[in-house]
Asks: 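Structure provided below as structure tokens; questions to follow.
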Amino acid sequence: MHVSIIFSWFVLAVGAIPYPVIGQQELVTAQSAVEAYDAGWARGVKRSPLGGVCLDDHVLLENDAAGAGWSQRGEFMEPLHRGVLVKKLFELGDDVSCFRAHAVLFMRKVGSSPGHVPYWVAVNGERLAGPQPSWHEPAWRWIAVPPSVLRPGGNEVVVGCDAPEGEGYELLFAREDEYAGGGGKFTYGGNTALVGAGQVDTSSSDPLLRRIAVGSTSWKSVDGGKTWTGGLLGAGDSTAGEYTVRLNMERYVPGGHVSSPVIDLWAGDDGALLVPRSRIGDLRFSGEAFVPGGTDVVWSIRFSSDGDPLGSGWGAWREVGRGGSPSVDLGSGEGRYLQWRADLRTSNPLLTPVVRRVSVGRKVQRESGSISGDYHVVGGSNARMLYPAYRIGYEDPGHPELRRLVSRLGLDSVVAGARGDFERINRVRHFVSGLWPYELPAKEYPEWNANSVLDRRDRLGAGGMCMQYTMVFMQALQALGYTVRHTNVFAHETTEVYVDELGKWVQVDPESTFNSYQYHTETGEPLNTLEQHGFFLKELGFSAERPIDWTSPVPWAWTAITPWVYRVKGLEHFPQPLGFSSFTAKDYTSDNPPPQHALTGFLRFIPRNDFLSRPMPRPVNHGLFIEWPWNGYINWYDAATPRKLQYALHSDREADFYPTLNRVRYSATHGERDGEVTVRMATNTPNFERYEINVDGQGWTASAAEFTWRLRPSALNTLEMRVVNASGIHGYPSDLRVLWHYREPHRPLKEKH
């Protein structure tokens, strides 16, 4: 963001308004679309390789993910060998244009035949040889499909293998009786992702929401394709379901949007923490975009008087222009705060508009802050707020299962005497890591409930694997009032915790063999998973010029036999300044540290942690023998880390992965009376309870979101602001320090007589 300022000073009579007008400023807020994409909100769009923001070009069609996975209800794999064929049907509509297309399927090799067993895929009769499996995820197969093979309306993908029975493959299918747990029988926009991620109300009448008729698009032949039966799958032809066969098309989506962070029309870009009362005039909005034929950009704005982007004080979005170069005069506007939004649209899936920049100009008439002196800001800090574009669900810390967990684990004793957030968190981490020996929970897979995991431990002698340690640790911290979430990386489940005293997210791993967090050895700062991902890329030399190849059959990070020893022969490594913290050397030592960042070549999360209040939707069985076919994750991607074609939801926005929590973002303005400052606070705090302020070190007291701060004349005035959640956890404070250089009115001395 860039704001230019032109001064035009003049003075009016003091009695004309409460304070004299001290000047007029011409302010211009210039924002690039990429700045808005990073710091504001964005859905259905991405960074354009030509600069700016364009429509997303990743379209996935699937109807199986809600029910796909390792099931305890019965069979979920289809034997595939000579004579047995499977077929999946896709409806593409009238326009099938795309840059590239891939059939994506989940298929595991069976039998003892060494090497690659040939298989094939036929798309609308065009037979394509199946490639060798990926080293990274050998069950996921990406088969390039020539776009010319696709046709309007119905399309069929047939999968076959000529190997004898017992030496071919087995293809995953989703059982109909598992769909309810994974999100239900719905697609939205052609796949189950937004339903599974909890972003869609399935009772709505949205035309993009479609009900899945399970079994209607999956067919099977046992006589080499002479005859076909639909919907009943598995070795016994008795299980209703859908094959995990998906179609990925690289084409622009019909629409998406990017909207700016909140713009304070009274403020410049000098980072001023205290601004004079102001009046806005000659407000002007202009945008710039590349808009080829068949595409459009609709520009809108909205106003607010309080500036909280999550608050109710915003007016409705109002369209102010269309096309590539809108310019509109808005007069005095309708409030102090403004947001702009660009809706990108296309009727041609091979063309996209590109939004480049926006300019908001205005004349700002300033009023003096004091008629008896000057306010001088000598210091302060204000939170930089990042908000996710996805709706995030947070657990109720008063949930009865959490209260039961506190008593069951004696958590009050575990954290007794700890003097800070990070110490409490790590005490719980170490405690949870020792609750049972690691074991795959292949029998009686527990619910996503810590008490269910502990019940399994008490009954069978072990609670499970990384996912179960994660669930117990996550809900133990939730019971203590902390915000924590499950995060998935390479072949591992872990957690990220928002640590208030550090003001950031940190990956903290409670599994018995890890029991640690990772930190930067030069700064001492504990790291989140995305920061570890950056070190992973640097260590292995991945970049935009050398991105990860998910389809490569050759190991590029670690050997398949010993996954924790990731120094592949012949692969150059670049040492990184990383250390780890652990209370135990049971499995790892300084010479052989836990492989935290070595697993972060890919990261994703489910946009909620309220698995007690809302047990569904969630994956059928997470990470057990099956390589994550569910589709409700938010998956990270960047220039060195391409998107995975089996998933629909991807983001390269830090705001989506690491929103700012439990902090105060404030605006401070010269008050209506001499010696007063009007302060407004905003926050994004799960289970928010109240704001608190500390004036001049006199102690913390509850406060409304807006209050008047009365300054002491000729004194250093200090103000701290923080939030408190329902569990009594305090957020890291923001602060402001102001000297009021007070001038006493002149009072002539009386003469002696």
Asks: Quick check against the 3.5 Å criterion: does Tyr438 have a side-chain atom that pairs as donor or acceptor with the backbone of Ser512?
Replies: no
Asks: Would you say the side-chain atoms of Asp735 pair up with the backbone N or O of Ser381, donor to acceptor, closer than 3.5 Å?
Replies: yes
Asks: Indicate whether the side chain of Glu493 and that of His622 have a donor and an acceptor atom separated by less than 3.5 Å.
Replies: yes
Asks: Anything under 30° is parallel, anything over 60° is perpendicular, the rest tilted; go ahead and classify Phe514 against His492.
Replies: parallel
Asks: Over all heavy atoms of both residues, which pair between Ile548 and Leu537 is shortest? Give the atoms and the distance, please.
Replies: CD1-CD2, 4.1 Å
Asks: Which of parallel (below 30°), tilted (30 to 60°) and perpendicular (above 60°) describes Phe536 and His533?
Replies: parallel
Asks: Any side-chain heavy atom of Leu603 sitting closer than 4.5 Å to one from Phe490?
Replies: no
Asks: Is the closest side-chain donor-acceptor distance between Gln507 and Thr529 under 3.5 Å?
Replies: yes
Asks: Is any side-chain N of the basic residue among Glu531 and Lys504 closer than 4.0 Å to the acidic one's carboxylate O?
Replies: yes
Asks: Measuring from atom CG of Leu477 to atom CZ of Arg429, what distance do you get when rounded to the nearest 0.5 angstrom?
Replies: 11.0 Å
Asks: Using distance alone, with no hydrogens and no angle criterion, decide if His597 and Gln518 have a side-chain donor and acceptor under 3.5 Å apart.
Replies: yes
Asks: Can you check whether Arg722 reaches Trp700 side chain to side chain, under 4.5 Å on heavy atoms?
Replies: yes
Asks: Just by modelled atom types, is the Gly198 backbone N or O under 3.5 Å from a matching donor or acceptor in the Arg614 side chain?
Replies: no
Asks: Under a 3.5 Å distance rule, please check whether Arg663 uses its side chain to pair with a backbone N or O of Thr685 as donor and acceptor.
Replies: no
Asks: Have Tyr517 and Asn528 got a donor and an acceptor in their side chains that come within less than 3.5 Å?
Replies: no
Asks: Should Val104 and Tyr647 be marked as a side chain to side chain contact (heavy atoms under 4.5 Å, CB included) after you check the CA-CA gap, both sets of side-chain angles, and the distance that decides it?
Replies: CA-CA 10 Å; Val104 183; Tyr647 304 120; over 6 Å; no
Asks: With a 4.5 Å limit on heavy-atom distance, are the side chains of Tyr633 and Pro619 in contact?
Replies: yes
Asks: Heavy atoms only: give me the nearest Thr483-Pro686 pair and the separation to one decimal.
Replies: OG1-CG, 3.8 Å
Asks: Quick one: do Phe602 and Asn635 satisfy side chain to side chain contact (heavy atoms under 4.5 Å, CB included)? Show the steps, please.
Replies: CA-CA 8 Å; Phe602 189 73; Asn635 302 274; 3.5 Å; yes
Asks: In sequence, state the C-alpha distance, the side-chain angles, and the governing distance for Glu447 and Arg618, and then conclude on salt bridge (Lys or Arg N to Asp or Glu O under 4.0 Å).
Replies: CA-CA 10 Å; Glu447 292 300 314; Arg618 50 94 183 109; 3.8 Å; yes
Asks: Suppose we screen for side-chain contact (heavy atoms from CB on, under 4.5 Å). Which residues come up paired with Glu545, at least two apart in sequence or across chains?
Replies: Ser543
Asks: Can you pull the side-chain hydrogen bond (donor to acceptor under 3.5 Å, both in side chains) pairs that have at least one residue in residues 383-395, sequence neighbours excluded?
Replies: Glu395-Ser613
Asks: Test Asn662 against every option in Val724, Asp500, Asn684, Asn687 by the side chain to side chain contact (heavy atoms under 4.5 Å, CB included) rule and name the one that passes.
Replies: Asp500
Asks: Can you tell if the side chain of Val497 reaches within under 4.5 Å of the side chain of Phe422, non-hydrogen atoms only?
Replies: no
Asks: Search all heavy atoms of Pro309 against all heavy atoms of Val262 and return the closest pair with its distance.
Replies: CB-CG2, 3.9 Å
Asks: Less than 6.0 Å separating the ring centroids of Tyr469 and Trp436?
Replies: yes
Asks: Let me see the working for Thr487 and Glu496 under side chain to side chain donor-acceptor pair (under 3.5 Å), right down to the final yes or no.
Replies: CA-CA 7 Å; Thr487 298; Glu496 290 180 288; 2.9 Å; yes
Asks: Give me the atom names and distance for the closest heavy-atom approach of Val620 to Gly69.
Replies: CB-CA, 4.2 Å
Asks: Between Trp630 (side chain) and Gly182 (backbone), is there a donor-acceptor pair under 3.5 Å?
Replies: yes
Asks: What I want to find out is whether Glu423 reaches Arg427 closely enough, with some N-O distance under 4.0 Å, to be called a salt bridge.
Replies: yes
Asks: Are the charged groups of Arg690 and Glu692 less than 4.0 angstrom apart, N to O?
Replies: yes
Asks: Applying side-chain contact (heavy atoms from CB on, under 4.5 Å), name anything that partners Ser134, two or more places apart in sequence or on another chain.
Replies: His136
Asks: Could you tell me whether Trp556 and Phe542 have their ring centroids closer than 6.0 angstrom?
Replies: yes
Asks: Distance under 6.0 Å and angle within 45° of the ring axis: does Lys538 meet both against Phe535?
Replies: yes
Asks: How about Leu502 and Tyr732: do any of their side-chain heavy atoms sit closer than 4.5 Å?
Replies: no
Asks: Between Phe580 and Tyr519, does the ring centre distance come in under 6.0 Å?
Replies: no
Asks: Check this for me: does any side-chain nitrogen of one of Arg643 and Asp638 sit under 4.0 Å from a carboxylate oxygen of the other?
Replies: no
Asks: Answer yes or no: is there a donor N or O on one side and an acceptor on the other, between the side chain of Gln468 and the main chain of Met465, under 3.5 Å?
Replies: yes
Asks: To the nearest 0.5 Å, how far apart are CD in Gln596 and CD in Gln532?
Replies: 5.5 Å
Asks: With a 4.0 Å cut-off on N to O distance, would you call Lys46 and Asp652 a salt bridge?
Replies: no
Asks: Can you see which heavy atom on Pro629 is nearest to which on Ala65, and at what distance?
Replies: O-CB, 3.6 Å
Asks: Taking only Lys NZ, Arg NE, NH1 and NH2, and the carboxylate oxygens of Asp or Glu, determine whether Glu439 and Arg456 approach each other closer than 4.0 Å.
Replies: yes
Asks: Can you check whether Leu599 reaches Thr494 side chain to side chain, under 4.5 Å on heavy atoms?
Replies: no
Asks: Using every non-hydrogen atom in the two residues, find where Ala42 and Tyr37 come nearest and quote the distance to one decimal.
Replies: CB-CD1, 3.6 Å
Asks: Compare all side-chain heavy atoms of Trp142 with those of Trp550 and state whether any distance is below 4.5 angstrom.
Replies: yes
Asks: Do Arg485 and Trp505 make a side-chain contact, defined as non-hydrogen atoms from C-beta onward lying under 4.5 Å apart?
Replies: yes
